[in-house]
Amino acid sequence: MKRSPWGWPLFLVLAIAALQVFLRSLDHAPARVVEAGNHDQFSAQRALQHLRFLVGEGTPHPAGSAANRVVAERIMSTLARSGYEPEIQEGLKCSPPASAPGCSAVRNIIAVRKGRDSRQAVMITAHYDSVPAGPGAADDGAGVATLLEIAQLLSRREPLLHDVIFLFADAEETGLRGAMLFADSHPSMSHIGFVVNLEARGVAGPSAMFETGAANAGVIEMFAAAAPHPVATSLIYEVYRRMPNDTDYTVYKQRGIPGLNFAFTRGAALYHSERDDIEHLDLASLQHHGENAWSVLLRVGDAPLSRLERDVDASYFDLGGRLLLAWPASWNLPLAIGGLLVVLGIALHAAPVSWRSGGWALLCVGIAVALTLGFGWLLSWPLGIWPNPHPLDHPYPWPGRLALYAAAVLAALLSAAWAGRRAGAAAVLTTAWSLVALLAIALAVVVPGASYVFLAPLLVYGVFHAVGHALVIATGSRMKTSTRALPMMAAAAGFIGAAYMGLYHFALAEVVFNFQQSHLKSIPLLVPVLALLPLAVAHAQQQRARVLIVAAATVSVGAAIAGALVPGATVDRPRGVNLIYVQDDARGASQWHLQFV
């Protein structure tokens with residue numbers, strides 16, 4: 001039976017499309033909004049009612065302002081209606097000169113839901129002050145409304161094992177000063193054993209768990225079991241802890257208190273702006289925020305906190321917001337070394353490499369990497385620099401995404417068509433997957449929480465081949481074609497794993513890079529490009545590469561043209577602008593300047 005020449009290209013397109021649909025949870029919160037009439041679960045509709053009461057006028061309320069005093073009084077009245085006796089903690093707090101120099105008059109609000117055993121407490125916190133530029137509906141009104149809804153839910157059920165402390169912190173935007181005042185001088189601080197912090201860096205998207213503490217394997221295990229729709233990776237944790245950014249959780253983390261930090265980050269163009277209002281807040285993001293906090297609070301608040309204690313960090317990543325896979329980070333190095341041995345074993349038995357073919361294979365891999373990043377750099381002009389969109393947020397990202405996806409496929413096809421054909425599919429298979437294994441080993445040593453990016457597809461490749469080989473032996477098959485085809489079948493399975501990792505982290509990179517840095521956005525796509533190379537070489541050896549090369553180039557160029565033509569900024573996704581006043585004392589003249597950032 002003759003094999004269809006379009007089977008492999010169809011597999012490639014369908015795999016990428018299916019994975020993109022599966023990864024929708026990175027663009028949109030995966031939680032389903034619970035109706036206000038359901039009092040057994042967290043309801044974003046009820047939380048939204050709290051939020052309208054708090055900041056419905058759309059007035060900024062920075063720390064120390066009269067408007068902030070009004071928000072504080074509304075928080076206290078809402079807590080009182082839920083049966084709490086809120087406490088005000090007041091004091092002057094100054095930030096260290098190295099972080100955010102200055103002082104604030106702080107008014108923290110604290111409420112406690114007593115547990116069955118008050119020797120330990122779990123604290124859930126959000127800050128209620130805003131920046132002067134906007135009303136702070138998302139940052140951090142969404143967190144405050146979430147706390148009020150959870151406080152109401154807790155008031156209607158039997159007490160948990162531990163006390164639950166609700167801290168509505170003041171003066172976060174001016175330097176974490178409310179959290180500092182609480183940590184330094186409030187008597188409840190001494191028996192807090194766990195912290196949940198709620199933040200925002202946008203107005204939409206999933207509520208991702210982006211930070212936790214050291215020796216976090218037990219905490220991650222708990223979160224994986226508790227959260228219905230977990231969105232988290234240990235790579236985010238590794239990156240964030242190396243950044244200069246801080247939230248209120250930083251104060252407690254520095255004191256060795258375990259915890260989880262949640263935030264949604266889509267719509268970053270509205271962050272700290274006048275459009276951070278209720279109308280622009282995604283209700284599904286508010287639901288996911290509350291769902292995370294509520295499920296974690298129920299789990300950790302009703303069990304001995306000693307169960308969270310471990311002496312190792314975890315590596316972890318989620319599967320489309322449906323499941324969190326987690327394991328001790330100490331496993332990464334042995335697994336990566338084992339994966340390399342499996343790749344070399346497959347090479348000895350089914351994909352041998354000569355010195356000549358190995359040299360061409362290395363060249364093939366090098367060209368593919370260079371082309372992927374080079375195409376990304378070229379595409380940064382039509383996609384990002386000419387329209388000049390916001391540095392972190394594009395109103396119409398899909399043309400640019402498609403252009404970069406197609407450019408990465410094009411890089412693999414071009415490399416395979418020239419150097420790959422001279423190397424042969426077997427040599428490229430061994431070389432590409434050996435490099436994946438070596439990168440997994442290197443990251444396991446240097447940045448353990450990032451090793452899974454290469455380790456996961458490596459394990460898929462190795463396990464698929466091992467299982468397939470066992471089935472061939474078990475069924476007594478004597479067909480040589482089965483053994484010869486097995487490495488490429490395993491490579492196809494490994495490509496699915498690599499494509500998931502590439503597309504997932506490409507989406508994550510959008511939180512840090514917009515299309516002005518398309519070469520940096522393209523770095524995650526190197527993972528599927530490496531896995532794609534042996535499949536592309538096998539296809540090129542059958543003399544069908546030219547049509548695919550033309551198709552990939554056409555898609556990339558067409559999408560790039562579309563990306564250059566769509567608006568780079570809209571009313572709801574504006575460009576960053578500074579308004580600068582310039583006074584020339586010598587001439588006695590003054591001017592206003594607009595500076596786009």
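Being a predicted model, the structure only gives us computed values, none of them experimental.
Between L235 and V453, some side-chain heavy-atom pair lies under the 4.5 Å cut-off. In this structure, E291 and L286 have side chains that are not in contact, with every pair of non-hydrogen atoms separated by 4.5 Å or more. Looking only at side-chain heavy atoms (C-beta outward), R307 and M222 stay at 4.5 Å or farther from each other.
The pair K521-E510 meets the salt-bridge criterion, with a side-chain N (NZ, NE, NH1 or NH2) lying under 4.0 Å from an Asp/Glu carboxylate O. Of the charged side-chain nitrogens involved, at least one lies within less than 4.0 Å of a carboxylate oxygen, so that D27 and R401 count as a salt-bridged pair. Residues D184 and K93 are paired through a salt bridge, judged by an N-O separation under 4.0 Å between the basic side chain and the carboxylate.
For H505 and Y452, the ring centers sit closer than 6.0 Å to each other. Not less than 6.0 angstrom separates the ring centroid of F168 from the ring centroid of F182. Centroid-to-centroid, the aromatic rings of H394 and F515 come within less than 6.0 Å.
Within the 3.5 Å criterion, the main-chain N or O of A44 finds a donor-acceptor partner in the side chain of Q287. Looking only at distances, no side-chain donor or acceptor of D282 sits under 3.5 Å from a matching main-chain atom of A204. R46 places no side-chain N or O within 3.5 Å of a backbone atom of F42 that could act as its donor or acceptor partner. Judged by distance alone, with hydrogens and angles left aside, the side-chain atoms of T265 form no donor-acceptor pair with the main-chain N or O of V511 at under 3.5 Å. For the pair S43 (side chain) and V34 (backbone), a donor-acceptor distance under 3.5 Å is present. With hydrogens and angles disregarded, no donor-acceptor distance shorter than 3.5 Å links the side chain of H191 to the backbone of A121. Checked by atom type and distance alone, the side chain of D140 never pairs as donor or acceptor with a backbone atom of A126 at under 3.5 Å. For R322 (side chain) and F22 (main-chain N/O), a donor-acceptor pair under 3.5 Å exists by modelled atom type.
The two atoms that bring A179 and A169 nearest to each other are N-CB, 4.3 Å, heavy atoms only. Smallest separation of non-hydrogen atoms from G321 and S25: N-OG, 3.6 Å. Shown here for G259 and Y249, the closest heavy-atom pair between the two residues is N-OH, 3.0 Å. P391 and Q516 get closest at one heavy-atom pair: CA-NE2, 4.0 Å. Between G568 and P389, the shortest heavy-atom distance links the atoms O-CB, 3.1 Å. Nearest approach of P135 to S273, heavy atoms of both residues: CD-O, 4.0 Å.
With rounding to the nearest 0.5 Å, the separation of OG in S315 from CH2 in W327 is 5.5 Å. For the atom pair CD1 (I88) and CZ (R107), the distance works out to 4.5 Å, reported to the nearest 0.5 Å. Rounded to the nearest 0.5 angstrom, L308 CG and I220 CD1 are separated by 10.5 Å. Residue Y84 holds its OH atom at 14.5 Å from CD1 of I110, rounded to the nearest 0.5 Å. To the nearest 0.5 angstrom, L283 atom CG is 11.0 Å from I278 atom CD1. The CG atom of N108 sits 5.0 Å away from the CD atom of Q89 when rounded to the nearest 0.5 Å.
No more than 12 heavy-atom neighbours from other residues, nucleotides or ligands sit within 6.0 angstrom of CZ on R24. Around atom CZ of R242, more than 12 heavy atoms belonging to other residues, nucleotides or ligands sit under 6.0 Å away. Other residues, nucleotides and ligands place no more than 12 heavy atoms under 6.0 Å from the CD atom of E85. In E90, the CD atom is crowded: over 12 heavy atoms of neighbouring residues, nucleotides or ligands sit closer than 6.0 Å.
Under 3.5 Å, the side chains of D393 and N514 contain no donor-acceptor pair of N or O atoms. Side-chain contact check for D318 and Y504: at least one donor-acceptor pair (N or O, by modelled atom type) lies under 3.5 Å.
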- Query: Passes side-chain hydrogen bond (donor to acceptor under 3.5 Å, both in side chains), T233 versus E238? Steps please.
  - Reply: CA-CA 9 Å; T233 78; E238 293 281 11; over 6 Å; no

- Query: Stepwise, does the ring-ring contact (aromatic ring centres under 6.0 Å, His included) test hold for H289 with F262?
  - Reply: CA-CA 7 Å; H289 223 28; F262 296 95; 7.1 Å; no

- Message: Is there a side chain to side chain contact (heavy atoms under 4.5 Å, CB included) between W294 and L154? Walk through the geometry before answering.
- Response: CA-CA 10 Å; W294 177 238; L154 276 182; 3.8 Å; yes

- Item | Full working for side chain to side chain contact (heavy atoms under 4.5 Å, CB included) between V571 and R275 | CA-CA 9 Å; V571 172; R275 289 182 177 84; 3.7 Å; yes

- Message: Applying ring-ring contact (aromatic ring centres under 6.0 Å, His included) to F513 and F506, what does each step give before you reach the verdict?
- Response: CA-CA 10 Å; F513 306 116; F506 180 91; over 10 Å; no

- Can M209 and N261 be said to form a side chain to side chain contact (heavy atoms under 4.5 Å, CB included), step by step? CA-CA 6 Å; M209 196 287 290; N261 209 353; 5.8 Å; no

- Task: Could you walk me through whether N216 and R310 pass the side chain to side chain contact (heavy atoms under 4.5 Å, CB included) test, one step at a time?
- Result: CA-CA 7 Å; N216 56 40; R310 299 287 191 280; over 6 Å; no

- Message: Working note: S155 + R113, criterion side-chain hydrogen bond (donor to acceptor under 3.5 Å, both in side chains); need CA distance, chi angles, decisive distance, verdict.
- Response: CA-CA 7 Å; S155 70; R113 172 64 170 166; over 6 Å; no

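Ring geometry for Y500 versus F317: interplanar angle of 30 to 60°, hence tilted.
The side-chain hydrogen bond (donor to acceptor under 3.5 Å, both in side chains) analysis of residues 125-134, with sequence neighbours excluded, yields the pairs H127-D129, H127-D139, H127-E172, H127-E199.
By the salt bridge (Lys or Arg N to Asp or Glu O under 4.0 Å) test, D302 pairs with R116, sequence neighbours left out. Scored by the ring pair (Phe, Tyr, Trp, His ring centres under 6.0 Å) test, H162 finds no partners at all (sequence neighbours excluded). For D163, the salt bridge (Lys or Arg N to Asp or Glu O under 4.0 Å) criterion is met by K114, not counting sequence neighbours. Annotation: side chain to side chain donor-acceptor pair (under 3.5 Å) contacts of H39 (sequence neighbours excluded): R156.
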Considering only distance and modelled atom types, tabulate donor-acceptor pairs under 3.5 Å from the side chains of residues 74-82, sequence neighbours left out.
| residue | atom | partner | partner atom | Å |
| --- | --- | --- | --- | --- |
| R74 | NH1 | F53 | O | 3.1 |
| R74 | NH1 | L54 | O | 3.0 |
| R74 | NH1 | E57 | OE1 | 3.1 |
| R74 | NH1 | E57 | OE2 | 3.2 |
| R74 | NH2 | E57 | OE2 | 2.6 |
| S77 | OG | E73 | O | 3.4 |
| S77 | OG | R74 | O | 2.9 |
| T78 | OG1 | R74 | O | 2.8 |
| T78 | OG1 | R81 | NH2 | 3.3 |
| S82 | OG | T78 | O | 3.4 |

